[in-house]
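Here is the structure we will look at, set down as structure tokens.
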Amino acid sequence: MNAVLEACVRCGDVDLALRLVDEMRRPGGCGVDGVSYGVLLKGLGIARRIDDAFEILESIEKDTSTGSPRLSPHLLCGFLNALIEAGDMRRANALVARFREVLYKGHSVLLYNLLMKGYIKSNFPLGALTVKDEILRQGLKPDRLTYNTIISACVTSAEIDMAIRFLEDMKEEANRDNNPELLPDAVTYTTLLKGLGNSRDLYSVLKIVVEMKSSRIFIDRTAYTAMIDALLACGSINGALCIFGEIIKQAGNNKDLRPKPHLYLSIMRAFATIGDLDMVKRLNKRMWPDSVGSISRSVKEEADELLMEAAFNNNQIDMARGLLRRIVNAKEWFSWTSRVGMVAVKVETMSGFTNSVLRPHVFPQVVLNDPVEKYMISFQETQPLHADLILEEVAMRFFKDTTVPIVDDWGSCVGVVHRQDCTKIDAPLISMSRGPPLCVPTSTSIEHVIDLLLREKSEMVVVVKRGNMYEGSYASSSRPLGVFSLTILWKFTADESDIDGMGGAACQLQEDVEGSNCG
């Protein structure tokens, strides 16, 4: 039953775990023991039900709980670890202070290491240093995990010089006490490499790499990967390639050293940046047979994107355009601010409208410098609705039109209601308007109006008489003359004689505009 209880906690169903404990405690049940309470306390801690956990601890402390469990470090550590994993050091320290005698029984350094891990997960990683001071005050000896945790705290806080000093202290203490168990291991060095890579300190990275190879530690795949990532972060592509070649060579005798796809992508990114198309192709080809683990769809997609980037940076524009076409057909979407999006913009810029992959829409009947008055429709044609009408009374109107202007008792436009904003069937239309309508004078260029619609993520602007007004504001004394909307714009994607058959192009343009608005 304790195993079932552990399963409930792992699945995050602490309520079911509580009911199960109640069943175990009933007459005829199997009963509960310290393990049961330990698992339950851990589950309550993970679920952030701290008050319930402390109530159970109080009942155990007062010896009023079923099964008469005894307070022990094992019982408390699951709850403490849950608090630490959540970064809740205030409650973790409160738990330690209240049950200090129980937790410090045996004067083990493991509890202190646990507390230091908690500070790393909190907003004050260097708080781990105060725990080290407490270890020394208690007359205990820091172990390798203690130093590794402190070094990790320094790296997290970008205190790289301090992390290196602790590395030296670690080696000095190990030699002084003739304690090989205190010497740095692969975890120590990989943690340092991460920090040195972030600080772009190539000299120190190379120094750590040489030290790792000259020591007796076993350099596993994770350590090799950390070396390469640090060298790439410092801009040493050749250094990273040397280490990569060493991995491939040793992987022939030790399959546990075979690199993962992530490592191939890291090196491909570096070569794509400098336009080394040949190396990116070779790495992409060898990633499939030589890497270990599954190659996910996202990895395959990024590999194609890096090929496109390398081709563009190598001035192979036609190849980059072909790869972009394949990427666009395969991906549902990508952000323009992402790495692939920014490369796609460059490819599109070099391609021009005639060779564009992303199907830009050209409006042969629209001259961008023309005034909006030439293309607008009259305000009355839009059949505006009164602002005080309830949505339920006019709901069918929004099945027909995506945007509808609304007017007050004096016929002045007071807003525009969009279909996607109609969420309350019993509310007046004015409550679903996005505020005063976007307004432009009749002389505004159509180019400026289109930019305004896309920038404000709106679908309609109201056209008023030319006068002293500011873009985006609206004077209620001015009567609206007409409107211009994206729906009107879509009609110009085809010839006038082909208006009836332009549905597909219009729908595609609408999708592109909506995607632009979301972006």
Side-chain angles (χ1 to χ4, degrees), residues 109 113 116 120 128-129 132 141-260 262-264 266-267 270-271 279 283 286 290-292:
V109 77
N113 293 338
M116 284 193 291
I120 294 175
L129 302 183
K132 178 178 180 289
K141 289 283 189 180
D143 59 8
R144 180 187 289 159
L145 179 58
T146 306
Y147 277 108
N148 284 349
T149 309
I150 292 173
I151 290 173
S152 178
C154 295
V155 168
T156 304
S157 302
E159 296 287 348
I160 307 303
D161 292 338
M162 189 182 297
I164 292 177
R165 286 200 301 270
F166 278 113
L167 174 67
E168 297 302 323
D169 292 345
M170 190 178 184
K171 293 187 289 186
E172 182 181 341
E173 187 174 340
N175 293 329
R176 185 181 64 242
D177 298 342
N178 195 21
N179 181 11
E181 295 297 323
L182 194 56
L183 286 171
D185 60 359
V187 175
T188 315
Y189 288 115
T190 53
T191 304
L192 268 173
L193 284 171
K194 179 181 178 182
L196 293 170
N198 292 337
S199 62
R200 308 291 192 271
D201 188 348
L202 178 58
Y203 173 78
S204 297
V205 168
L206 293 173
K207 184 179 177 181
I208 293 295
V209 170
V210 171
E211 186 173 325
M212 291 175 70
K213 290 186 175 182
S214 60
S215 64
R216 296 182 179 180
I217 66 170
F218 173 69
I219 303 177
D220 58 7
R221 178 172 55 215
T222 303
Y224 273 121
T225 302
M227 291 181 189
I228 293 176
D229 286 339
L231 288 167
L232 290 174
C234 295
S236 179
I237 300 179
N238 290 335
L241 205 58
C242 289
I243 300 295
F244 182 73
E246 186 177 335
I247 299 175
I248 297 299
K249 183 178 179 180
Q250 295 191 29
N253 299 322
N254 184 358
K255 294 190 180 300
D256 290 337
L257 289 178
R258 290 178 64 189
K260 290 189 175 182
H262 148 76
L263 192 56
Y264 281 89
S266 296
I267 303 175
F271 281 110
M279 279 301 300
L283 287 165
R286 297 309 310 171
D290 292 346
S291 64
V292 65

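The analysis underlying the following values was restricted to heavy atoms, covering all of them including side chains, and did not include hydrogens, waters or symmetry mates.
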Practice problem: Could you walk me through whether T225 and H262 pass side-chain contact (heavy atoms from CB on, under 4.5 Å), step by step? | Solution: CA-CA 9 Å; T225 302; H262 148 76; 3.8 Å; yes

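- Formation of a donor-acceptor pair under 3.5 Å by the R258 side chain with backbone atoms of S291 is found in this model.
- In this structure R286 satisfies the side chain to side chain donor-acceptor pair (under 3.5 Å) test together with D290, sequence neighbours excluded.
- Checking side-chain atoms of S204 against main-chain N and O of D201 turns up no donor-acceptor pair under 3.5 Å.
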Taking only distance into account, with no hydrogens and no angle test, what donor-acceptor pairs under 3.5 Å do side-chain atoms of residues 246-253 form with protein atoms, sequence neighbours excluded?
from	atom 1	to	atom 2	distance (Å)
E246	OE1	K213	NZ	2.7
E246	OE2	Y224	OH	3.1
E246	OE2	Q250	NE2	3.4
Q250	NE2	Y224	OH	3.0

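- E173 approaches P142 most closely through the heavy-atom pair OE2-CD, 4.2 Å.
- Side-chain contact between D229 and S266: present, with at least one pair of heavy atoms (C-beta onward) separated by less than 4.5 Å.
- Across every non-hydrogen atom of L192 and A163, the tightest pair is CD2-CB, 3.8 Å.
- Note that the CD1 atom of I217 and the OG1 atom of T188 stand 7.5 Å from one another [nearest 0.5 Å].
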Practice problem: Determine, step by step, whether L196 and I164 satisfy the side-chain contact (heavy atoms from CB on, under 4.5 Å) criterion, reporting the C-alpha distance in whole Å, the side-chain angles of both residues, the deciding distance to 0.1 Å, and the verdict. | Solution: CA-CA 10 Å; L196 293 170; I164 292 177; 4.2 Å; yes

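- Residues I208 and L167 meet the side-chain proximity criterion, which asks for heavy atoms closer than 4.5 Å.
- Closest non-hydrogen pair, L283 versus Y264, comes out as O-CD2, 3.6 Å.
- Across all non-hydrogen atoms, the minimal contact from A233 to R200 is O-CD, 2.8 Å.
- When every heavy atom of A240 is checked against every heavy atom of L232, the shortest pair comes out as CB-CD2, 3.6 Å.
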Practice problem: Check the pair K171, E211 against salt bridge (charged side-chain N to carboxylate O under 4.0 Å, His left out), reporting the backbone distance first and the verdict last. | Solution: CA-CA 12 Å; K171 293 187 289 186; E211 186 173 325; 2.9 Å; yes

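- Using modelled atom types, one side-chain atom of R144 and one backbone atom of L183 make a donor-acceptor pair closer than 3.5 Å.
- When all heavy atoms of R221 and D256 are compared, the pair lying nearest together is NH1-O, 3.2 Å.
- Annotation: side chain to side chain contact (heavy atoms under 4.5 Å, CB included) contacts of K132 (sequence neighbours excluded): L136, Y147, I150, F166.
- The CG atom of D185 sits 9.5 Å away from atom CG of D220, with the distance rounded to the nearest 0.5 Å.
- The side-chain heavy atoms of L182 and K141, taken from C-beta on, include no pair separated by under 4.5 Å.
- The shortest distance between side-chain heavy atoms of L206 and L231 falls below 4.5 Å.
- Side-chain contact between M170 and N148 is present, with heavy atoms from C-beta onward closer than 4.5 Å.
- When the side chain to side chain contact (heavy atoms under 4.5 Å, CB included) test is applied to I120, the partners found at least two apart in sequence or on another chain are T149, S152, A153, T156.
- With a 4.5 Å cut-off on side-chain heavy atoms, V205 and L193 count as touching.
- Once rounded to the nearest 0.5 Å, the distance linking CE of M162 with CD1 of I160 reads 10.5 Å.
- Contact check for V292 versus K255: no side-chain heavy atoms found under the 4.5 Å cut-off.
- Between the side chain of D143 and the backbone N or O of L145, at least one donor-acceptor pair lies under 3.5 Å.
- Residues satisfying the side chain to side chain contact (heavy atoms under 4.5 Å, CB included) criterion with S157, sequence neighbours excluded, are P125, L126, E159.
- Sorted by first and then second residue, the ring-ring contact (aromatic ring centres under 6.0 Å, His included) pairs with a member in residues 185-221 form an empty list; sequence neighbours excluded.
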